[in-house]
Protein chains: 2
Amino acid sequence: MAMIEKLRQALYRKETVILIAKCSIFYEGRASSKLSEGERIIIIKEDGAVIVHRPFGYEPVNYQPPGSIVTIEDDRGIIKLNILRPRIHEKMVIEIKELKHFYSSRLEDQAEFQMWGDEEDLKQAIILDPAGMLGEELQLVGSEFSLGSAGYADIVFRDINGNLVVVEVKKKTADVSAVYQLKRYVDKIRKEGGSNVSIRAILVAPRFTQSALVALKREGLEYREVSLQHARKILKQKRSLPSFFTS
Amino acid sequence: MAMIEKLRQALYRKETVILIAKCSIFYEGRASSKLSEGERIIIIKEDGAVIVHRPFGYEPVNYQPPGSIVTIEDDRGIIKLNILRPRIHEKMVIEIKELKHFYSSRLEDQAEFQMWGDEEDLKQAIILDPAGMLGEELQLVGSEFSLGSAGYADIVFRDINGNLVVVEVKKKTADVSAVYQLKRYVDKIRKEGGSNVSIRAILVAPRFTQSALVALKREGLEYREVSLQHARKILKQKRSLPSFFTS
DNA sequence: GCCTAGGTCCCGTTC
DNA sequence: GAACGGGGCCTAGGC
């Protein structure tokens, strides 16, 4: 059977398709790109995601996200893949000069992906044990606290003296933009709450850039250095972790 | 030949390897993750990049960037791929329960990837024709203007009245963080230059969020709405574009 | 749809 | 190596 027919049937059956092909690629949309002839890996997934990899590098050289529309065209022996995203007027065209390898099948993968160690876990540790993580007793007011046009504060506490405490958490080195992110929240709360409300702000991270420290001091904001390992220990104590983490 | 031997030889010869396999995946490093059995696409590139895709979605579910060290282990019939990044103590383990498909070869791809339409092009259009893009005559002082700990200003001009004009360019919707990015640069220059230097600041983008506009007004910064098409037209006039754009 | 914020972000560039 | 900023970022969550 002609290769193009096999390809059409695979796509029709919503299989995952993998091509190794000498091809050229054109993209036009938010930006424009051109990649002349070379051998690449082309993945077409059942949900319409198309990913093209060169033989080096982490990132795909060209792609379209899930929901794209893939059509095939035979232009005098050259197979053309047209991948469209109509809503945002984006188009990728892959011209296949030579197909080195073809694979297609339906892949079964229902497993759940579990992850630990993102910012959310650090946040949870702080909420569960403010004293252990930040060194003082704090009462939870809210998390993902909506501030309208100013965005969302990670956590808002009330301290032992009745001050509001706005907390911004970073899971890696906090830079100057994190300082200003926190300051936006403080300014907003101060503006909304009136000048009679006393507000503190704490930036929490495992490390801080020098300029972040300077900005914190200049803006009158506090900071706490926390370790992810410590957060992990606290989460382990306060709630039972999935078994594979406790080994 | 045993599959594991083929795999070892392919890696030894620095070929690109593609596996379709029923596998489980474990990752431990900056974060930790676990993915139980399912059918996935595993790409091992000649530069040590390893990318695992599920049959849906744009992003790889697990990965390691180029430079990783891949070793193979036979654990009583189960092939284990260990992918290490020693410098940052990261490890990914892929346990292959069933190999559905194997492909390997050296891929030839020397082509140059060309792209147009990123922020750099918008910046060039503004530098080449400030009057056309921003509506006033401006004299270039510098671009990628280093401000030490405050970062880099995209462009610095001097206007007809001798004021310094700091320009921050965004190729898509500018949000409130872009406003504060610009403000950081202005504050830094003001601080360094002394209060006798008069400084203006302009945020340039095709669109602005409402909160960005509010913040701009509050901070006393200017903004200009520009279209990427207009930038493209100006670049086309002022310098000859590569042929494939002019068609 | 827009907006906000995170990411095992990755990546290039600069110091 | 640290730090800064872009990305066709993508993705998730909220409105």
Side-chain angles (χ1 to χ4, degrees), chain A residues 27-33 49 51 57-67 85 87-92 113 115-120 122-123 144 146-154 168-178 181 184-185 207-212 228, chain B residues 25-33 49 51-52 57-68 83 85 87-92 113 115-123 144 146-154 168-178 181 184-185 207-212 228:
Chain A
Y27 158 76
E28 185 105 36
R30 284 162 291 180
S32 305
S33 76
I51 299 154
Y58 162 76
E59 292 189 325
V61 64
N62 281 107
Y63 59 88
Q64 291 287 35
R85 283 213 282 174
R87 316 268 190 296
I88 63 168
H89 306 291
E90 285 207 308
K91 185 181 186 176
M92 174 166 74
F113 181 66
M115 185 145 70
W116 184 94
D118 51 11
E119 192 191 275
E120 184 56 31
L122 193 45
K123 203 187 300 176
E144 290 304 320
S146 177
L147 296 170
S149 63
Y152 300 84
D154 277 342
E168 175 62 28
V169 182
K170 294 293 167 198
K171 68 158 286 193
K172 40 182 199 176
T173 309
D175 60 16
V176 68
S177 78
Q181 191 182 341
R184 282 206 317 272
Y185 303 153
R207 278 189 72 237
F208 300 83
T209 66
Q210 202 54 44
S211 55
L228 287 165
Chain B
I25 305 171
F26 306 86
Y27 159 75
E28 185 103 36
R30 285 162 290 180
S32 305
S33 77
I51 300 153
V52 182
Y58 162 75
E59 291 189 326
V61 63
N62 282 107
Y63 60 88
Q64 290 288 31
S68 308
I83 301 105
R85 283 212 282 174
R87 278 107 173 125
I88 63 167
H89 305 290
E90 284 207 310
K91 184 181 188 177
M92 174 167 72
F113 181 66
M115 183 145 71
W116 183 93
D118 52 11
E119 192 190 275
E120 185 56 31
D121 294 283
L122 192 45
K123 204 188 299 176
E144 291 304 322
S146 177
L147 297 170
S149 63
Y152 302 84
D154 277 343
E168 175 62 28
V169 182
K170 294 293 167 197
K171 66 158 287 194
K172 40 183 198 174
T173 310
D175 61 16
V176 68
S177 77
Q181 191 183 339
R184 286 205 310 274
Y185 302 154
R207 279 188 72 236
F208 301 82
T209 66
Q210 202 53 45
S211 54
L228 287 165

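We name chains A, B, ... by the order of the sequence lines, and we start the count at 1 in each one.
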Closest non-hydrogen atom pair, B:Ser33 against B:Asn62: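 The pair with the smallest heavy-atom distance is OG-ND2, 3.1 Å.
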
Across the strands shown, which category fits [X] at heavy-atom distances under 4.0 angstrom: base, sugar-phosphate, nothing?
{"X": "A:Lys172", "value": "sugar-phosphate"}
{"X": "B:Ser177", "value": "nothing"}
{"X": "A:Gly151", "value": "sugar-phosphate"}
{"X": "A:Ala150", "value": "sugar-phosphate"}

Check whether any side-chain nitrogen or oxygen of [X] sits under 4.0 Å from OP1 or OP2 of [N], and answer yes or no.
{"X": "B:Gln181", "N": "D:dG6", "answer": "yes"}
{"X": "A:Tyr185", "N": "C:dA5", "answer": "yes"}
{"X": "A:Lys170", "N": "C:dG6", "answer": "yes"}
{"X": "A:Lys171", "N": "C:dC9", "answer": "yes"}
{"X": "B:Arg30", "N": "C:dC10", "answer": "yes"}
{"X": "A:Thr209", "N": "D:dC4", "answer": "yes"}
{"X": "B:Ser146", "N": "C:dC15", "answer": "no"}

Practice prompt. Map B:Asn62 and B:Arg207 onto DNA chain C by nearest heavy atom, then report which one ends up closer to the 5' terminus.
Written response: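 By nearest-heavy-atom nucleotide position, the 5'-most residue is B:Arg207.
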
With nearest nucleotides of DNA chain C determined for A:Glu120 and B:Pro65 from heavy-atom distances, which residue corresponds to the more 5′ nucleotide?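 It is A:Glu120, whose closest nucleotide lies nearer the 5' terminus.
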
Original post:
Over how many whole Å does the gap from A:Asp154 atom CG to D:dA12 atom C1' extend?
Top reply: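 So the CG-C1' distance, A:Asp154 to D:dA12, works out to 15 Å.
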
Worksheet entry | Atom pair CD/CZ of B:Glu168 and B:Arg184 - distance to nearest 0.5 Å |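 Those atoms lie 9.0 Å apart.
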
Taking Watson-Crick and G-U wobble contacts under 3.5 angstrom, with | marking pairs to another strand and [ ] crossing pairs, the secondary structure of DNA chain D is written |||||||.|||||||

Rounding to an integer number of angstrom, what distance separates [N] and [M] when you compare their [atom1] atoms?
{"N": "C:dA5", "M": "D:dG7", "atom1": "C1'", "value": "16 Å"}
{"N": "C:dG7", "M": "D:dG5", "atom1": "C1'", "value": "16 Å"}
{"N": "D:dG6", "M": "D:dC10", "atom1": "C1'", "value": "14 Å"}

How do A:Ile88 and B:Arg87 order along DNA chain D: which one's closest nucleotide is nearer the 5' end?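 Upstream on the strand: B:Arg87.
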
Subject >> Heavy-atom donor-acceptor pair, B:Tyr185 side chain to B:Tyr152 backbone, under 3.5 Å >> reply: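 Yes.
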
- Any donor-acceptor N/O pair under 3.5 Å between C:dG6 base and A:Glu119 side chain: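 No, the side chain and the base share no sub-3.5 Å donor-acceptor pair.
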
query: So does B:Tyr27 reach the base of C:dT8 with its side chain, donor to acceptor, closer than 3.5 Å?
result: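 Per atom types, the contact qualifies.
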
(Q) Is there a side chain to side chain contact (heavy atoms under 4.5 Å, CB included) between B:Ser68 and B:Glu90? Walk through the geometry before answering. (A) CA-CA 9 Å; B:Ser68 308; B:Glu90 284 207 310; over 6 Å; no

Considering only [options], which nucleotide approaches the side chain of [X] most closely?
{"X": "A:Ser211", "options": "C:dT8, D:dC4, C:dT4", "value": "D:dC4"}
{"X": "B:Tyr63", "options": "C:dA5, D:dG8, C:dC9", "value": "C:dC9"}
{"X": "B:Glu168", "options": "C:dC3, D:dG6, D:dG8", "value": "D:dG6"}

Quickly, which of A:Lys171, A:Lys123, A:Lys170 forms a salt bridge (Lys or Arg N to Asp or Glu O under 4.0 Å) with A:Asp154? Name it, please.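 Between A:Asp154 and the candidates, salt bridge (Lys or Arg N to Asp or Glu O under 4.0 Å) is satisfied uniquely by A:Lys123.
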
